[in-house]
Each structure stands twice: as structure tokens, then as C-alpha cells.
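Worksheet for the structure shown next.
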Amino acid sequence: MPFPSQVAYQSAHGCVSCDGLHAQDGDELREFLTGPVATRLDDTEGREELSSHLRGLSLTGMGQDALAEVLAAEVPEERDWAAGEALAEAVLEEHHDIVFPWNTERDKRNSFASLPGADIIGFQRDGDSHRLALGEVKCSSEAQWPPQVMSGRSGGIGHQLDALTTNLGTICQLLKWLLHRVKRTEHEAAFNHACTRYLNSGHRDLALFGILVRDQEAREADLRARGRALGDQLQAPTRCSLIAIYLPWPISRLPEFIRHGGTA
Amino acid sequence: MSHWLLDAMAEKRARALREADRVQFFREMSRELPPFEQEVLHEVAAALEIAVLDLEINRLTDDPERRNHVRTAAADAFRLLRVLPLPETVTESGKHLLRAASLAVLGDRGADAARWLRALENDRAWPALPLESDDWGERCRATLTDTWLRLVRKKGWDDRDAILDRVAVLRTAQRDFEQTYLHSFDPLTAKRSALELIAIYHLAKAADVLAHFITDGVVDGNHQVQQVLDSHFDRALAACETARLVELEPMTRLLARAAAQMVENSIWTVTRAVNSRVTDFVRELVSRGRGDRALFDVLPPQRRTLAERGLLGSSRRAVVVSLPTSSGKTLIAQFRMLQALNQFEDRKGWVAYLAPSRALVNQVTRQLRRDLGPLDLVVERVSPAMEVDGVEAGVLTESRDEARFRILVATPEKFDLMLRQGWEEKIGRPLTLVVVDEAHTIQDKERGLRLELLLATINRECREAQFLLLTPFIQNAREVARWLGGPNSDDISLGLDWQPNDRAIGIVSPIDAGPKNGRSRDYQLNFETVHTSRHTIVIDDAFSLGKEEHLASTLSKAQDVGTLAAIAARKLKARGPVIAMHSRPDFVWKLAENLKDEQAEAVSPDVQFVQEYVAAEMGTQFPLVDLLSHRIGVHHGGLPEEVRMLMEWLFEKGRLDVLAATTTIAQGVNFPVSGVVMAATQYQSLGYSVPMPAEDFWNIAGRAGRVSQGQLGVVALVAKNEAEVVDRKQFINRNTGDLNSALILLAQAAGDLMSDLGKIVYSRPEWSSFLQYLTHTYRQMGQPPNFADQIEQVLRGTLGFEKLRASNGQVARQLLAGIETYVDYLQSPGQPLKLVDSTGFSLQSIRTVLANRGDIGPASWDRDRLFRAGDRTLQDMMGVLLRVPELRGNLNAVLGGGAPDGNKLALILKDWVNGEELTTIAARHFADESTDDITALTKCGQNLFGKLAQTSSWGINALLAITGAELSDAERGRLANLPSQVFYGVSTDEAVTLRLLGVPRRAATRLAHRLRIRTGESLPSIRQRLTELADRDWSAAVGIAGSAYRRAWRIIDGAE
């Protein structure tokens, strides 16, 4: 199901492309959100049975009281970030040929979903092969173009994408971790391709995505400066796409739209 | 099988490994580290680690190819990670080390990792992990890293104790810190942190379990430790998966695999359920003083031999274990011996351990006594003297259970003589196992055939005997095993895929460095690594060793191998102890002098005592005394055996920087060295030189490395010019191939001479053992009239004959024809066949003695008169022995190629037996106007210890057997120690006994007097009394150097 949107602006700087997308309000958007996006979110969040991990702990000679207490505690829901990432994943899947190795209930975006290193991990189809796809997602309602999340020193999208191109250790760690997730699944071949291409290319053969979710007016300034800077810095075969998604309603309503199509 | 990632990365992997080799080489050889491509190393290391994680091993299936992929990928990843600089933060450093160490274990490089980690601690580079942190998470992560690193490092019992301690501390501190820590987070992060802690607690418990298992072989009464570990790892992984712990989860998977490998490597696992004696032995090895020498793991070749190939579970009659040097073959043999002894416990069966040289017999005896003594197994050795003297006879026939030997160490020659003299029967207990150390000597041109025929004889005559042959890697181990055991045999061969440590083998040669002054040219020394058939480090560029102005100021002066070797050794010694070899003792002396620094160093008490000993033995002016002040030792055949042993002892203890030695040391080195420098690649013997066999070269090359902190063994062959460079390269690249019988070579070389085997010994004395074999077998079979018809069957018992027939039928037929004629000769009436077995001579040699004996008869055998000045008897005897083909070569060599002169030999022997000082014997018999004292002493040593004592003792024993048949038993008894007197150079029975116990010659006679040894007193009792003697007792015997002699003896005896 395509993401109903219109191109607001488009530009390219070397291997970096910048795309502004207006989300088109209407039934299609609602269906997109309650369909492909919603399936990425796990509704059972916060109610997981974690106490089973205490079983067997007595064999280690360690106490369990404090652990049991923490594992049983109620967690207030904080879903904005997860909603943004779920939207970003769904858009990438539709428009950029990305597959995500999360195909079991266990792998849904649960309370522990966010991984250190990258918000988004997947494989981008490239003919018969796949390349590693990594992305950072930011949401911003700031009435400033670009918003601070595009440039902040640490935690800004620019900095994070930069880290993904230089920090071999983090990505290798992710690959090692992913290995067992994809083993004997439909994603195994994609992983193998992506892993090989990444490690055999001086860690350059990968696709990077910076996704900005906005509820402000669409302006090219949101991406332009960052796009140029990255364009000067990155070289093929690295590919980089900066994508700004402009929502027709406040970002804070995104979880609600995803769950109930905005009618709740 | 291929692997998606390994295949794709193959080229890059090779490049990264070359780069890692280069870095390691430079890091070890020079202070400056070259810039290098760290990124590639990181990438390839990550790729290899991913491949290792991807190639899961199913423990229940056997997939050698898959295992091999894992092993090599993990080992390579370790090599890469090892050379990368440690990350800046302590925590990251710890993780890096743990990754590398776990991969090393999976790559069968655990021992390297352990050395590396120990070296880091010595260099103060061990990460100061926050084990006491108030941040509970940090503290737990630090404990996890620390305990698992210690499991790999295994520094004696200390590391094991520290692991148990750290885990216990974690348990007690949990209450104080955990809650505060968890409450410092938001609820969601707290959950994740709690799951991380749960995973860490299970991993800490797993470390605790493994630490217990390594020392005790059992955990809480459970021997199935793997299942216990699995349950903890599974729970840790479950927690990691739920919490999506991106770092801890893959690390846990790696640790789980490494832990399983460590269990497999444990000495408990490989020896489980063999028998109680083996278990006792393992307990002994593990607990050994709770010190650094405790043994927890076996090396990969040992694991493969003992566990995977099931050496201890098998009932194979003949097993050939063919492994590279430093694979720990001795331990393998020890386990096999215990198994064989257990099998024949009811009949008190015994094991014969055959070692090719006197030095090795001594070394092995010391080691076996040290290792097996605590199990109350008596280990004895017999001297290499070619007779069984009175003391030895006592040892062999000891009847008290607690004092009876169960393991006997001997040279093949001596053991051959013993068996042929019926000693297995006299011992009265079955020979259950024959261990042949360095079994590749079977192809030695001079001594190999005797060993082969000895094994054939044992195989034929000793009903219960099983065989264990230990060799460096050979191609045809199976063939050799089948020769002795038929279908009931096995070979356990491990080729070139495992090496004990990294090595660089290369050539040092002088390079023109431009004009210097006048017409002379400047130079510098380059070390150029050489590709070898084994995994040695190769770097693309030559490495400069610089120059030494005072040894060679110009290029032309540097073009001398001795000088080059001295410069190279001086450069290399900064890294650790070096052996520098040259072909001849005189060259070795010069090399040693060139190694000296201008200023002597303050010497340690160990060196001081050896100096004192050498001064007493050889005179204060003997150059070795001064060389020792410079931390330089000398080792060659011209030195008394005790001095050589002390050199080895000092060297092993790290008290010497360089040991200058003749190339022959390559056969006997069984201790690690950091570097080896070879000025020559030849052995010099009896005046001609032969190339060092490839096995011996790889023996010494295999010892290079593994000293203290160094990882890299460096072997440098020096070459003075291009032609020599080419020559040395060829030398290095000779392959060790099939183990072949010396019989094939002998037969091919003899050609038509084989038509008269009766005469052949006169021109080819090396045929003697073959002829003796025929004679012995003929007698043993009851002298059957149709022996000629059975000869082919007899010959099938040898390794060589079948191969000869297959490879060269013509020569085989010639040999058979020759044998048939010889059998006729054997069967002619009145042949003194029995004497062949009692003398170790061929029939022809016995006839020669009989024909030339002159007046020598029963009356000649008067012990007191024989060595008296002016008496001619000994001179006559030596005159006869000079005609015996088996002895002639050695005896003539003593005479320096002059006319056969029995008188001269007799005079030397008289001085020797009557206790003259070595310096006196040298001055009297080996000096002339053209030689200095040192040359004379060296010559004296080479001839006396290396040739005359051994050969004349054999000869006199044989002569006594041939000419003393009419002596009464009582008279014979009195003469029993006569050949040993000659062998050891002492004049009394009591002194012979002490010599057999290792007491130096100068001290033996007077010390024996002081000890008042009783007739018939047992050897263990005398040894006990010796150990109780104080310095003053020794001083009373040898003067002021008494304490030095006492200590020397303790070292020789293995007490130190």
C-alpha cells in the first residue's frame, strides 16, 4: 500500500538526495497508518511477562528481590518515538525497497525495541542483492527551518548519520546481533548480501536514511544544509536519502492515528 | 563447504593477515611501530567473528570441515585483534581483550592468548577494570570481563582463586548496590538493566562453574559440566534477547562457544574414565604445588590425540603419534604408559622408554620421575654403556614391589643388547609397552637400522609388548604403524595446521650501504623472511638489524658467517635468550668470544656457582668462566656432560643471554628459546659434515618463541653472500616427507657387495646390526635347518624389506641371495653364535677378535693390573679392538687419523680410569706445539666423552665375553663393573655406582669412600643418603668447590 503523499521539494547533492513529502490527509493516509504502520507496533507493550527470567537465578547464588520488583513495575506508555519510527519504516518499505528483519511478534517494536546505534535497520533491495540500510528518525514541531534536531551537536540527525558512516564498531555490533535474528528466516540471504557488501567495501556500501517527521510548513531549508554537508562528505557506493515527512496534523496525534485512524 | 562471508572476504583476509604479521614482527623486533591500515584489520576481524558466530557447531554431529573453518577463522580473528591497539577506555579495552581471547580459544590459540594476557599484565597494560565501582552495573560488567579473561589466562591457581573470589564478592555486594542502581533509571531502562544483570549473573556463575571444573574435574558432584554451563548460557541469552542487548548477546554466544571449547581442552575431559591411575596423575598435574607449573589444559594436538582420536580408549597394539615439535608428545606418552601399566598391573608389567641420546635419556628420566614419582611408580634408567653392570643388574632384578622399576629409560642400542642377553626373562615381568621417542631416527644412516631391527625383534619375541612411536610430523605414519601392529594399529598425525606459536624464519646477510672511507664499503645487516611450508610469518620488506662497528667495520669484514652470526645474536638477544650455532667447537668458541660486551655484568648466584664448578673441572683460565660473566654459555661435545647440562639449566632459567653451541644441539633442545641464529646448517662428525636433517631443523625452529613475554620466535640463518642466501633458502624449504627404513639406502648403496655379507662389515660396518639381527633370529628360532626358507618371513618383520621389494626388486633379490649365502655360513658348525648377542658384534668381528687375540685370555682379566702404569695388557686389548669394524671408526678418530696405536689409547684410558684431571689428560695426550690449552681440552673432551669412553667400554665388555669364557662365576662377578669403570672414568665399584647416580667424576671416588657404600646396598637407598649429604661432606671430597659440586649434582639429579 503506497504512502499517500505529494512531493514538496526535491534536490540532490552528490550521493545524497533530499525529498520533502506532503502526507495527503484522507482515507488513504488513515488506512496506511492503521495498516502497514500499526502492524509495526506491539500492543502488548508494558504488559510483558518478564518475571520468567528470574527462574533459575537461584542457581547463581544471587538474590532476586530488587530485580523482581523492577521487572514487575508498571511502565507508563511513551509511544511518540516508536510511532515516528514505525511511520518511517513503513514509508521506506514502500518507497525505497527496504525490507526489515522483524517478522515475528517478538521482534515488533516493543518496549526494548530501540537499539543503540541506529533507529532503523533493514536491507535495501538492489537487483538480486541487498545492501545494508540504516536510518535515524527525528520528529519536530519546532517552527524553525531547519529544526534543531537536524543540526544538534550530539543527537542531531547530522551527527548521527555521520556516526553511522564512521563508527565501524557500532555497526559490526549490530550485524553480529542481527545474525541470529535472521538465521534460518526469509531474511537470511538479504543479511548475507548486505553484510558482505558492507564489510568488503571499506564499510561504504550501505544506504543511509535521515527521516524528519514534521507538522510544520514544508520548506526545503529543513534538509538543504544537511544535504549539502553530507554530500561533501559521503562518497559512492554509499547512498544517503534525507526525507522530510510533513503531516497534516500535529505529531502528538500520530499514535492516536496509528491506533484508531484518528477517530478516538 | 564454503561460507558466504569467508569466500567473499578471502582476498581481503589474506591482505589483513599479512599486515598483521608485519605489525607483529615490527612490534617484537623494533621499538617503532610502522603505520598500518587499522580499518582493514577491524573489518576483517569483524567479518571473521561473524563467520565464527554463523558457523554454529552441533556437538552431536561430526563435521570436520566446518570445525576447521571455525578454527581458522577464529584463529585469524585473534591474530588481527591482537595487533590492533587497545581502545582508549578501560571498559572497551576489556571487551576487546575478551573478544580476542574467546576467539583465540575457539581457534586453538588459547595458549597464545594466555601468554599475551600475561604479558599485558607484566607490561602494566592490563585494563584497570572498575571492579570496586559504586555503579553496580559497571561493577558487574567489569567482573564479567575480568573473570572470563582470567579463565583464558589461567595464571596458575591464582587466577582460578580470583575468579571464585570475584563471584563470591558479587553475591555479597549485591544487596548493598543493586537496588540503588536499578532505581536510578526510568522504569523501562530499569527493566532492561535488570535483564542485563540477570544475564551477567548467569555468566558469572558459568565462570565460577568452569573455574571449579578446571581444577577439580567435577562441579557439585557433577562431571557433566557442559550441561550445567549450557543452562546458564541459555538463561543469559534469553535475558539478552528480551532486552535486545546488542552487545551482550553476541558476546554471550561467543563465551558459550569458548567455554565449551575450554571444557573440551580441560585435562579432565580428555582423560575422563580411563582408569584411576590416570585420574591420580591428572590430579597431580593440576595441583602441582598450586604454582605456575600447574597444568589445566591440554594443547590442541594433545586433545586431538587423547580425546578425539581416543588414544587412551583404544586397544591398538601399535600407534604412531606424529605431531609437530612442542605439541607435548611427552604428556601423551605418559598417559599411554599409565594405561599400559594399569592393563598389566596384576603382573607388574613394565614400560621401556627409548630415547636416542644419553642427554635425552637423562632428561626424560628426570621428567618422568618428577611427574610419575608421586604416583609411586619407580622410574629407572640404564646407562648407555654397552653392558649391564653389577649395579644395573641389581636394579633390573629388584624384587620388592615398592622398589621395582615400572618404567625403564634407555638408548635403543643398550636396550637391544639387554633384550638379546635375555633380560626380559631375567626381569621376570612382561614388557607391556615400548615408547620410542624421536622415532624418526629410524632413518638415520648410522643408527637407524639398529632401532628398526630392535623393534622388529621386540615385535617378534615380546608377547605382550605394545608400541607407541613419537615422531615429528611424517607423511607415512600409517605405514609405520601397520608395520608393527598390522591391522591392529593406528596413526595419529597432525600435520602443519597447528603451530605452538608464531615464528619468523629468515636469512641474515650483509647489504652494501655505500662507500665508507678509502676503498672500503659500509654495510648493514638485513633480515629477510622466507616462505616456508609451515605457517611462518612473512613480511614483504627486509628488516634492518643495523651493524656492529667493533665486530666488523666494513662490508668485507662482515662477509664472514661467524661474525654475522655474532652480530645477529647480539641484536636478537635484547628480545630474550638466543641459541647461536656453528658447526665446530673451535668456531663456537670464537663465536662466543665475539658475543661478549666490553664490560662484564654482575652475575647471579646461579651463574657464580656454575663458574665455580667449571673452574674446578676445567681450570680457572678456561674461557667459559669469563664468558659466563657476560651471560654467555657454551655447549658442545668437547665439554663434559655435566657442564653441558648446567649450561642448559642456566639457559632455561633465563640466566644466559646467548648459548653458543654446535649445530648438534638441534637434536637435543627441548626447552623454549626466543631466537635461533645459525652460522652453519651442517653437522660435523668424524671429520666430515652432513646437512642437518629437516626434522632436526624443525625441531629447533619449533622451539623458537614462547619465552616469557615474546610471542614471536625468530630463526635467523646467516649467509655471507648471494650464493649462500640461495643455499639457505633451499635448506629451509626441504620437506620432511616419508619415514623410510635405513635398510633401503644401505642396500641400494651396497650393490654387489651384498653378494658376500660375510665380508661386508669390513668395508661397511653399518651392516653389522642387520647381520646380528639374522644371527639372533636364527638362534631364537632354535637354529632351524630350513632357516633360509623362512628368511623372507623374517624379513617381513622389518619396515624396510617390503618397501625395498616394492621399490627396487632387483636390489631386494640381490639382498636375498646374499642372505642365503650368509645363512649357510651361519649354519656351519662351531660358529660362536651366542657371542653375537652378548657382545653386540657381528660374527665376523668376533672371528676377527678370536684370530687376533694373541695372549689375551682369562688370565689377562685382572682388574688391578689392567690400569697399572707399565702393564701392557690394556695396550694389547686396544690393539685388537682397533681391528673390529664396529669400533674402528671411533677409535681411529681419537688417534686423529694416525696409525692404529693401541698404546696411546691404553695410556689415555689409564689416566681416565685412574682419576687424572681433565686438564692433565688434555695436556698429556691431546696437546702439541701447535695447539693451545683450550683446543687441547676441547679435543680431549670430544674424543674422550664422545668416542673413547663409550667405544672402549663396549669393546672391553665384548672382549671379556669372547676371551673370558673360562672365568669362574665369582671372577666374573668381580669383573662385572669393569666396562663401566672405563665408561665413567673411575676406578672403584662404589664410584661407578655414584657415577650412575649422576655424581661428577671428580667427586665420585672420594665421595663414595666417605659414604661407605655397602655391597648390595640398593640404588634408591644410596640416592637417599646422597641427598642427605651436606656441603661440608662434598667439600671433604672435592675441596673448596664442594658446595658447587653438590648443587651441580642436585641439578643433574633433577632436584632443582
Side-chain angles (χ1 to χ4, degrees), chain A residues 45-46 48-50 52-57 59-78 106-107 110-117 168-181 183 188-189 191-193 195-203, chain B residues 4-5 7-9 12 39-40 42-47 49-50 53-54 56 87 92 167-168 170-171 174-175 178-179 181-183 185-188 190-195 197-199 201-202 204-206 208 228 231-232 234-235 238-239 241-247 249-251 253-254:
Chain A
E45 185 213 329
E48 279 174 284
E49 187 48 71
L50 296 177
S52 65
H53 289 290
L54 294 168
R55 252 181 273 138
L57 198 63
L59 295 173
T60 67
M62 303 297 291
Q64 333 190 339
D65 299 351
L67 295 167
E69 181 204 330
V70 167
L71 291 179
E74 285 285 325
V75 178
E77 293 196 8
E78 278 180 49
R106 186 192 64 182
D107 285 331
N110 71 4
S111 41
F112 301 118
S114 81
L115 295 171
L168 175 70
T170 308
I171 296 176
C172 288
Q173 199 61 51
L174 284 171
L175 290 172
K176 277 187 264 178
W177 179 79
L178 267 179
L179 175 72
H180 276 267
R181 297 283 156 140
K183 193 104 178 127
E188 188 170 352
F191 172 85
N192 291 359
H193 285 142
C195 184
T196 307
R197 286 174 67 160
Y198 178 73
L199 290 170
N200 228 354
S201 63
H203 51 281
Chain B
W4 54 274
L5 189 53
D7 293 347
M9 301 287 291
K12 200 162 172 182
E39 288 284 289
V40 179
H42 274 295
E43 272 171 11
V44 176
E49 188 181 347
I50 289 172
L53 288 169
D54 188 44
E56 280 172 289
E92 289 304 313
V167 177
L170 215 55
R171 288 184 191 125
Q174 183 191 19
R175 189 171 290 276
E178 190 188 65
Q179 196 170 28
Y181 168 71
L182 288 174
H183 285 178
F185 301 109
D186 64 72
L188 187 62
K191 280 180 197 273
R192 177 177 259 170
S193 301
L195 289 168
L197 289 181
I198 289 173
Y201 296 160
H202 279 291
K205 176 64 184 179
D208 180 277
V228 180
S231 76
H232 288 293
D234 286 349
R235 287 175 196 279
E241 281 182 14
T242 302
R244 300 204 176 178
L245 301 175
V246 171
E247 280 201 60
E249 187 185 316
M251 193 65 233
R253 291 187 195 281
L254 200 58

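Proteins get letters first, then strands, A, B, ... in listed order; numbering begins at 1 in each.
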Select, from [options], the one with the greatest count of heavy-atom pairs under 4.5 Å involving chain B.
options: A:T196, A:D65, A:L59, A:L67; value: A:L67
options: A:Q64, A:K176, A:E69, A:R197; value: A:K176
options: A:C172, A:S52, A:G61; value: A:G61

Identify which part of [X] has an atom lying under 4.5 Å from any heavy atom of chain A, answering side chain, backbone, both or neither.
X: B:E247; value: both
X: B:L197; value: side chain
X: B:L170; value: both
X: B:R175; value: neither

For [X] and [Y], work out which heavy atoms get closest and say how close.
X: A:A66; Y: B:E178; value: CB-OE1, 3.3 Å
X: B:P250; Y: A:Q173; value: CG-NE2, 3.9 Å
X: A:N200; Y: B:A8; value: ND2-O, 2.7 Å
X: A:L71; Y: B:A194; value: CD2-CB, 3.8 Å

Between [options], which residue shows the highest count of heavy-atom pairs closer than 4.5 Å to chain A?
options: B:S231, B:A46, B:A238; result: B:A238
options: B:L245, B:V167, B:D54; result: B:D54
options: B:Q179, B:E49, B:Q174; result: B:Q174

What residues form a side-chain contact (heavy atoms from CB on, under 4.5 Å) with B:V228, not counting sequence neighbours?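 Expected list: B:V209, B:N222, B:H232.
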Side-chain contact, heavy-atom cut-off 4.5 Å: [X] with [Y]?
X: B:H202; Y: A:L57; value: yes
X: B:E39; Y: A:H203; value: yes
X: A:K183; Y: B:E56; value: yes
X: A:V70; Y: B:F185; value: no
X: B:I50; Y: A:L199; value: yes

Would you say the side-chain atoms of B:R171 pair up with the backbone N or O of A:T60, donor to acceptor, closer than 3.5 Å?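 Pair found, side chain donor or acceptor close to backbone of A:T60.
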Would you check if the side chain of A:N192 reaches a backbone N or O of B:W4 as a donor-acceptor pair within less than 3.5 Å?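 The answer is no, because no donor-acceptor pair under 3.5 Å joins these two groups.
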Need one label for [X]: side chain, backbone, both or neither, based on atoms under 4.5 Å from any heavy atom in chain B.
X: A:T170; value: neither
X: A:R55; value: both
X: A:A72; value: backbone
X: A:L179; value: side chain
X: A:L168; value: side chain

How would you list, by chain and number, every residue that makes a salt bridge (Lys or Arg N to Asp or Glu O under 4.0 Å) with B:E92, sequence neighbours excluded?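 Residues passing salt bridge (Lys or Arg N to Asp or Glu O under 4.0 Å) with B:E92: B:K95.
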About how many Å separate CH2 of A:W177 and CG of B:L53, when rounded to the nearest 0.5 Å?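 With rounding to 0.5 Å, CG (B:L53) is 14.0 Å from CH2 (A:W177).
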